[in-house]
Amino acid sequence: MSTELVEDEAQFYCKAQKYWKNVPATVDGMLGGYGHISNIDLNGSKKFLQRFLREGSNKTGNMYALDCGAGIGRITKRLLLPLFKKVDMVDVTDEFLSKAKSYLGEEGSRVGNYFCCGLQEFSPEPNRYDVIWIQWVIGHLTDEHLVDFLKRCSLGLRPNGIIVIKDNVTQDVSIMDDVDSSICRDIDLVRKLIKQAGLSLLAVERQENFPDEIYHVFSFAMR
């Protein structure tokens, strides 16, 4: 478990919130200086997601998506709005959501809600979303809060809806990043927490063509 890495839960969340308050509201800021990988990331995500949107009788709908840890809307703009009729965004940093309204341009009119909230406190509206996309943000939740959040997300899904986690993972032990107050979990722990939330994995895929110096990034689809 990664819980033992969090010595003070309140401080864990407060430190992360302070960190993001000082990050530029740009694509490069959202990606920690790796803005140049954005296109590779988005193309991989689109390929991963479209397999569920194309399936026959059990295909996932394309009405409504939720972008968790949305920041300024990088994923909303380039991945979700092109594929879904409406999108909601949730992020803990109000400055990012304010920037999103200009960053998204005219297509931003199809964003239904901008929720300013930490995911540990956020509850998706029941039976609302076809896809709940959670990228590069689970490290800011404790194990217990991640499991609870996934349970709430499950209630937020429409029939044949899916939850997707896309995040950094390690192959052996979980690691705390004291700079942004986040945990990079080992892949087996991520699988275990998903199972604890009562969800079944539908697909797991490693993102290809990322720089060698960064963590491996995996996508997990579940319902």
Side-chain angles (χ1 to χ4, degrees), residues 27 30-31 34 37-71 73-90 104 107 110-112 119 124-139 146-147 149-169 171 185-211 214-223:
V27 169
M30 299 302 97
L31 294 177
Y34 281 86
I37 70 170
S38 185
N39 285 342
I40 298 170
D41 167 61
L42 291 160
N43 289 337
S45 296
K46 183 178 180 181
K47 183 180 176 183
F48 183 79
L49 183 55
Q50 281 185 321
R51 75 179 75 178
F52 300 101
L53 303 178
R54 287 175 178 159
E55 285 179 3
S57 58
N58 293 321
K59 76 174 183 176
T60 298
N62 67 342
M63 285 295 298
Y64 223 131
L66 173 66
D67 186 357
C68 299
R74 181 185 72 92
I75 293 165
T76 289
K77 181 174 185 173
R78 298 281 307 281
L79 175 69
L80 300 178
L81 282 173
L83 294 175
F84 296 88
K85 292 181 173 63
K86 294 204 76 171
V87 178
D88 285 346
M89 298 170 59
V90 55
L104 295 172
E107 292 299 299
R110 293 191 289 115
V111 173
L119 298 185
E125 183 179 319
N127 196 39
R128 183 178 181 90
Y129 300 107
D130 295 297
V131 169
I132 296 178
W133 191 273
I134 309 167
Q135 183 164 348
W136 280 321
V137 70
I138 66 168
L146 175 55
V147 169
F149 177 60
L150 290 175
K151 289 178 180 177
R152 297 194 300 273
C153 285
S154 180
L155 297 175
L157 292 178
R158 300 177 69 208
N160 296 323
I162 60 169
I163 299 163
V164 177
I165 290 174
K166 187 171 184 179
D167 220 305
N168 303 337
V169 298
Q171 300 303 308
R185 293 178 172 89
D186 68 89
I187 191 167
D188 289 337
L189 178 55
V190 175
R191 289 175 178 269
K192 181 179 179 181
L193 297 177
I194 289 168
K195 187 176 181 180
Q196 280 184 24
L199 296 162
S200 298
L201 278 170
L202 306 174
V204 179
E205 183 176 283
R206 182 181 171 187
Q207 171 68 53
E208 298 177 341
N209 300 316
F210 270 2
I214 67 173
Y215 288 117
H216 292 173
V217 174
F218 276 78
S219 298
F220 306 82
M222 66 205 80
R223 69 163 65 102

Work out which heavy atom in Ile37 is nearest to a heavy atom in Pro211; give both atom names and the distance.
-> CG2-CD, 3.7 Å

Answer yes or no: is there a side-chain heavy-atom contact under 4.5 Å between Ile165 and Met222?
-> yes

How long is the span from the CE atom in Met89 to the CG atom in Leu81, to the nearest 0.5 Å?
-> 8.5 Å

Side chains of Phe52 and Asp130 in contact at under 4.5 Å (non-hydrogen atoms) | no

Could you tell me which residues satisfy ring pair (Phe, Tyr, Trp, His ring centres under 6.0 Å) with Tyr64, sequence neighbours excluded, listed by chain and number?
-> Tyr129

Straight-line distance of Ser200 OG to Lys195 NZ, nearest 0.5 Å = 9.5 Å

Within a strict 4.5 Å, meaning less than it, do heavy atoms of the Arg78 and Asn39 side chains meet?
-> yes

Verify the neighbour count for atom CD of Glu208: are there more than 12 heavy atoms of other residues, nucleotides or ligands below 6.0 Å?
-> no

For residues Val137 and Phe149, determine if any side-chain heavy atom of one lies less than 4.5 Å from a side-chain heavy atom of the other.
-> no

Hey, does Trp136 have a side-chain heavy atom less than 4.5 Å from the side chain of Asn168?
-> yes

Where is the tightest heavy-atom contact between Ile132 and Cys68, given as atom of each residue plus distance?
-> CG2-SG, 3.7 Å

Determine yes or no for a side-chain-to-main-chain donor-acceptor pair under 3.5 angstrom, with Thr60 supplying the side chain and Leu53 the backbone.
-> no

Could you state the interatomic distance from SG (Cys153) to CD1 (Ile162), rounded to the nearest 0.5 Å?
-> 12.5 Å

Between Asp167 (side chain) and Ile138 (backbone), is there a donor-acceptor pair under 3.5 Å?
-> yes

Step-by-step side chain to side chain contact (heavy atoms under 4.5 Å, CB included) determination, Trp133 to Val87 | CA-CA 10 Å; Trp133 191 273; Val87 178; over 6 Å; no

Nearest heavy atoms of Tyr215 and Val169, plus distance in Å = CB-O, 4.0 Å

Are Ile163 and Leu157 close enough, and set up right, to give a side chain to side chain contact (heavy atoms under 4.5 Å, CB included), and what steps lead you there?
-> CA-CA 8 Å; Ile163 299 163; Leu157 292 178; 3.9 Å; yes

CG of Leu150 to CG of Leu199: how many Å apart, nearest 0.5 Å?
-> 6.0 Å

Side chain Lys166, main chain Asp41, donor-acceptor under 3.5 Å = yes

Side-chain heavy-atom pair Arg110, Leu104 within 4.5 angstrom cut-off | no

Output yes when a side-chain donor or acceptor of Arg223 lies under 3.5 Å from a complementary backbone atom of Leu202, and no otherwise.
-> no

So do Lys46 and Asn43 actually touch side chain to side chain, heavy atoms under 4.5 Å?
-> no

Distance (rounded to the nearest 0.5 Å) between Lys59 NZ and Gln50 CD | 12.0 Å

Heavy-atom check, side chain of Asn62 versus side chain of Lys85, under 4.5 Å = yes

Roughly how far, to the nearest 0.5 Å, is CG of Leu49 from CZ of Arg54?
-> 10.0 Å

Grab the two heavy atoms, one from Phe84 and one from Gly61, that are nearest each other, plus how far apart they are.
-> CE2-O, 3.4 Å

Not counting sequence neighbours, which residues clear ring pair (Phe, Tyr, Trp, His ring centres under 6.0 Å) with Tyr34? List them please.
-> His36

Met30 and Gly71: which non-hydrogen atoms are nearest, and at how many Å?
-> SD-CA, 3.7 Å

Which atoms form the tightest heavy-atom contact between Gln207 and Gly44, and what is the distance?
-> OE1-CA, 3.6 Å

